[in-house]
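Notes for the one structure printed next.
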Amino acid sequence: MARGRLIPDRVPISAVPPAERLTSYDECLLLYSREEAIQEAQRCVQCAKPWCNLACPILQDAREYCRQIAEGDFEGAVDTILLDNPLAGCLGKVCYSYCEDACVVGKKGDPVAIRHLKWAALAYGNGGRTYRREGTRDQAVAVVGAGPAGLTAAWELAKRGDRVTVFEASEKLGGLVTQTIPPYRLSHETFAEDLARLEPLGIEVRTGVRIGKDLPLESLLENGFDAVFVGIGTHHPWTLNLPGKDLPGVYIALDFLKQVFDGDPPPVGGTVAIIGGGDVAMDCSRTVLRMGAEKSVILYRRTREEMPASPEELEEAVEEGVAVNYLVSPVEFRGEERVEAVVCQKMELGPPDDSGRRRPVPIEGETVTFPVDYVLVAIGQKADLEGLPDLGLEMARDGSIQADPETCETSLPGVYAGGGPSIVHAMAQGRKAAQSIAAYLEGRSETTTAAAPT
Ligand SMILES: Cc1cc2nc3c(=O)[nH]c(=O)nc-3n(C[C@H](O)[C@H](O)[C@H](O)COP(=O)(O)OP(=O)(O)OC[C@H]3O[C@@H](n4cnc5c(N)ncnc54)[C@H](O)[C@@H]3O)c2cc1C
């Protein structure tokens with residue numbers, strides 16, 4: 001499609017007003033109308049080289065679905081999206097949209113709102129269609145973990161005709177997506193709609209089974225499974241080993257979110273300090289306000305520039321009244337019966353560390369004390385490998401497991417593994433592992449894929 005002049009401003013994405021948002025867990029961002037979606041998609045300049053597609057870990061053909069939406073062909077856009085994306089609904093709402101970072105229109109103005117267009121396509125183009133089995137290979141594959149990585153591996157293998165059984169430790173499918181991402185960003189109905197698309201694939205699911213505790217991993221291969229994919233995410237939170245860390249009122253943020261969204265919220269109120277600057281910190285800071293906290297204060301040891309949270313998440317948190325204190329690092333939790341204050345060392349930025357971000361360096365003798373009623377420690381998490389055999393896995397900086405980067409193979413023949421720091425990265429790993437498993441099962445080294453939503 002030939003495009004005319006570049007339009008720098010995106011069609012505004014409407015949101016529920018901040019004060020109203022805090023009264024419920026309903027989604028904050030609002031869907032484009034059909035007309036708005038078409039108008040926004042028409043901002044896509046249809047680059048000869050599809051930078052957006054290339055930036056996407058699952059290589060979604062964003063350029064093509066923008067073209068289709070621009071022509072009002074929402075059905076066609078859904079076909080394009082579902083070809084590579086079994087969790088399209090979730091990604092339409094909370095993907096970190098690497099495609100938009102690469103969008104050429106963004107050099108002159110706002111990048112095309114590709115993520116929001118995906119949501120619009122599913123809403124207006126029969127996103128309710130389902131996948132079907134295409135192959136008849138009929139080998140048995142076990143998938144450990146029902147997060148984005150595991151579900152994507154299961155989708156890919158089941159399409160090929162394998163008998164897939166997913167073993168999930170919790171009672172919920174979806175991994176961190178349903179266990180921790182708050183419904184005000186991603187409703188659980190959206191995940192359920194994605195899951196419904198997979199239903200005809202006949203994937204068997206066994207929840208409440210922790211591999212390594214309830215069943216040894218090795219027993220899967222010994223008892224009829226031809227291959228295994230391990231997609232266990234990052235469920236072991238880092239803690240701060242500081243004086244007062246065990247005082248009542250000091251919580252581990254990841255566990256806190258899991259409890260809240262499992263319907264068993266721990267008490268919280270008054271002033272809540274959240275330590276950290278990533279997804280978990282942002283989601284906690286906004287969730288506690290919905291739970292009735294008077295003040296939600298983020299304490300982060302670097303500056304905005306080094307913060308891992310997405311600009312959108314931080315902006316929405318600040319709109320809702322979250323306060324952010326930069327260049328402070330906790331050194332003590334103080335209190336008699338329970339936590340009453342967080343003592344922080346003031347920091348300044350030094351030279352970059354091995355993450356490439358400027359290192360926080362203490363300013364000698366300068367501390368600041370924040371009076372608090374609760375503290376949530378959100379400083380990161382890593383894979384929980386307890387009970388699993390040594391699979392020769394590396395741990396990435398984000399805490400996820402890394403097997404062979406090309407094939408996702410582990411050191412145990414027939415066992416593959418993967419995960420990642422975002423939903424779409426984890427999905428890419430799940431798909432890559434499934435392709436390797438297919439090659440392993442077919443006794444060949446390469447394979448191709450072809451998903452076909454019906
Ligand atoms: C609060 C929060 C907000 C986030 N927000 C976003 C966002 O907005 N956008 C984005 O793209 N990403 C976001 N992420 C990151 C994203 O959720 C993860 O990168 C993604 O879920 C990883 O997928 P996964 O399948 O590798 O692991 P998980 O989603 O963690 O799934 C792993 C599953 O394995 C299960 N499991 C673990 N061990 C075992 C075992 N031994 N046996 C059986 N089952 C097991 C777990 O219960 C879990 O269900 C967020 C993460 C958090 C914590």
Side-chain angles (χ1 to χ4, degrees), residues 29 56-58 87 90-98 115 142-154 165-186 191 205-217 220 228-237 252-258 260-262 274 276 278-287 308-310 312-313 316 376 378 380-389 391 396 398-403 408 417-431 433:
L29 296 184
C56 175
I58 56 168
L87 296 176
C90 294
L91 290 185
K93 294 191 177 167
V94 296
C95 185
Y96 293 136
S97 46
Y98 306 99
R115 184 184 78 192
V143 169
V144 181
L151 290 176
T152 305
T165 307
V166 178
F167 296 90
E168 165 55 48
S170 76
E171 294 301 333
K172 273 190 206 170
L173 304 186
L176 289 170
V177 174
T178 49
Q179 292 173 28
T180 64
I181 297 186
Y184 58 78
R185 291 205 292 122
L186 171 63
F191 173 72
V205 175
R206 293 184 54 191
T207 54
V209 183
R210 178 171 289 278
I211 300 300
K213 178 167 172 268
D214 302 317
L215 275 179
L217 183 88
L220 299 173
V228 179
F229 172 69
V230 179
I232 55 171
T234 50
H235 289 255
H236 185 90
I252 300 297
L254 192 74
D255 299 342
F256 173 82
L257 287 176
K258 286 183 182 181
V260 172
F261 299 119
D262 213 20
I274 298 102
D279 308 318
V280 180
M282 294 305 130
D283 284 338
C284 284
S285 72
R286 301 173 68 190
T287 298
S310 74
E312 182 186 60
E313 281 180 75
E316 288 172 6
L376 300 181
Q381 54 272 346
K382 61 174 178 160
D384 182 355
L385 298 170
E386 201 181 333
L388 299 180
L391 296 172
D398 60 69
S400 59
I401 47 175
Q402 279 192 322
C408 297
S422 70
I423 300 172
V424 72
H425 279 102
M427 290 172 69
Q429 287 267 301
R431 192 170 197 193

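Please read these numbers as outputs of a predicted model, since none were measured by experiment. When a ligand or atom number is given, it counts from 1 through the structure's own listing order.
Atoms of ligand 1 lying under 4.0 Å from any heavy atom of Phe167, numbered from 1 in the order shown and given with element: 43 (C), 44 (N). Below 4.0 Å from some heavy atom of Val94 lie the following atoms of ligand 1, by number and element: 7 (C), 8 (O), 9 (N), 10 (C), 11 (O). Atoms of ligand 1 lying under 4.0 Å from at least one heavy atom of Leu257, given by number and element, are 1 (C). Of all the atoms in ligand 1, the ones that sit under 4.0 Å from a non-hydrogen atom of Val280 are 1 (C), 53 (C). Each of the atoms 47 (O), 48 (C), 49 (O) of ligand 1 lies under 4.0 Å from some heavy atom of Gln179. Listed by atom number, the atoms of ligand 1 under 4.0 Å from Gly419 heavy atoms are 26 (O). Ligand 1 places these atoms under 4.0 Å from at least one heavy atom of Gly175: 28 (P), 29 (O), 31 (O), 48 (C), 49 (O).
The single protein non-hydrogen atom nearest to atom 45 (C) of ligand 1 is Ala169 CB, 3.7 Å, given as residue, atom name and distance. Among all non-hydrogen protein atoms, the one lying nearest atom 3 (C) of ligand 1 is Asp283 OD2, 3.1 Å. Gly231 O, 3.3 Å is the protein heavy atom nearest to atom 32 (C) of ligand 1. Taking atom 28 (P) of ligand 1 as the reference point, the nearest protein heavy-atom neighbour is Leu176 N, 3.7 Å. Distance from atom 19 (O) of ligand 1 to its nearest protein heavy atom, with residue and atom name: Gly420 O, 2.8 Å. Considering only non-hydrogen protein atoms, atom 30 (O) of ligand 1 sits nearest to His235 NE2, 2.6 Å. At the top of the distance list for atom 47 (O) of ligand 1, counting protein heavy atoms only, stands Glu168 OE2, 2.6 Å. Ranking protein heavy atoms by distance to atom 10 (C) of ligand 1, first place goes to Tyr96 CE1, 3.3 Å.
Heavy atoms of Ala426 found under 4.0 angstrom from ligand 1 belong exclusively to the side chain. At a 4.0 Å heavy-atom cut-off, ligand 1 does not touch Gln429 at all. With a 4.0 Å cut-off on non-hydrogen atoms, Pro421 touches ligand 1 through its backbone and not its side chain.
When Ile232, Leu254, Ile423 are ranked by how near their heavy atoms come to atom 11 (O) of ligand 1, first place goes to Ile423. Among Leu91, Ile181, Val143, the residue whose heavy atom sits closest to atom 4 (C) of ligand 1 is Ile181. Nearest to atom 52 (C) of ligand 1 by heavy atom, out of Thr180, Leu87, Ile211, is Thr180.
At a threshold of 4.5 Å between non-hydrogen side-chain atoms, the residues Ile423 and Val177 count as touching. A heavy-atom distance below 4.5 Å is found between the side chains of Leu91 and Ile58. The closest side-chain heavy-atom distance from Cys408 to Gln429 is below 4.5 Å. Residues Phe191 and Ile181 have side chains not in contact (no heavy-atom distance under 4.5 Å, counting atoms from C-beta outward). Using a 4.5 Å cut-off on side-chain heavy atoms (C-beta onward), Lys382 and Asp398 make no contact.
Considering CG of Leu186 and OG1 of Thr178, their distance stands at 9.0 Å, rounded to 0.5 Å. Note that the CZ atom of Arg210 and the CG atom of Leu388 stand 9.0 Å from one another [nearest 0.5 Å].
Any N or O atom pair closer than 3.5 Å counts here, and Ser422 shares at least one such pair with ligand 1. No N or O atom of Val177 sits closer than 3.5 Å to an N or O atom of ligand 1. Where the criterion is an N or O separation shorter than 3.5 Å, residue side chain and backbone included, Pro148 meets it with respect to ligand 1.
Checked against the 6.0 Å centroid criterion, the rings of Tyr98 and His425 qualify as a close aromatic pair.
In this model, no donor atom of one side chain and acceptor atom of the other lie less than 3.5 Å apart for Gln402 and Ser400. A side-chain N or O of His235 and one of Lys258 form a donor-acceptor pair less than 3.5 Å apart.
The shortest heavy-atom contact between Cys284 and Ala253 is SG-CB, 3.6 Å.
Ion pairing between Arg185 and Asp283 holds under the 4.0 Å rule for side-chain N and carboxylate O. Ionic pairing of Arg286 and Glu316 is present here: one or more N-O contacts between side-chain nitrogen and carboxylate oxygen are shorter than 4.0 angstrom.
A donor-acceptor pair under 3.5 Å is absent between the side-chain atoms of Gln381 and the main chain of Thr234, judged by distance alone.
Taking a 4.0 Å cut-off on heavy atoms, Met282 fails to register as neighbouring ligand 1. For Val209, the closest heavy-atom approach to ligand 1 falls below 4.0 Å. The closest approach between Arg185 and ligand 1 falls below 4.0 Å for a heavy atom of the residue. The closest approach between a heavy atom of Gly212 and any atom of ligand 1 is not below 4.0 Å. Taking 4.0 Å as the cut-off, Asp384 does not count as a neighbour of ligand 1 on heavy-atom distance.
Checked options Asp214, Val166, Thr165, Val144; the residue passing with Val209 is Asp214 (criterion: side-chain contact (heavy atoms from CB on, under 4.5 Å)).
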>> Before you tell me yes or no, could you show the steps for Val230 and Ile211 under side chain to side chain contact (heavy atoms under 4.5 Å, CB included), namely the whole-Å CA-CA distance, both residues' side-chain angles and the distance that decides it to 0.1 Å?
In response: CA-CA 10 Å; Val230 179; Ile211 300 300; over 6 Å; no
> When you look at Met427 and Leu151, which way does the side chain to side chain contact (heavy atoms under 4.5 Å, CB included) test go after all the steps?
Replying inline: CA-CA 8 Å; Met427 290 172 69; Leu151 290 176; over 6 Å; no
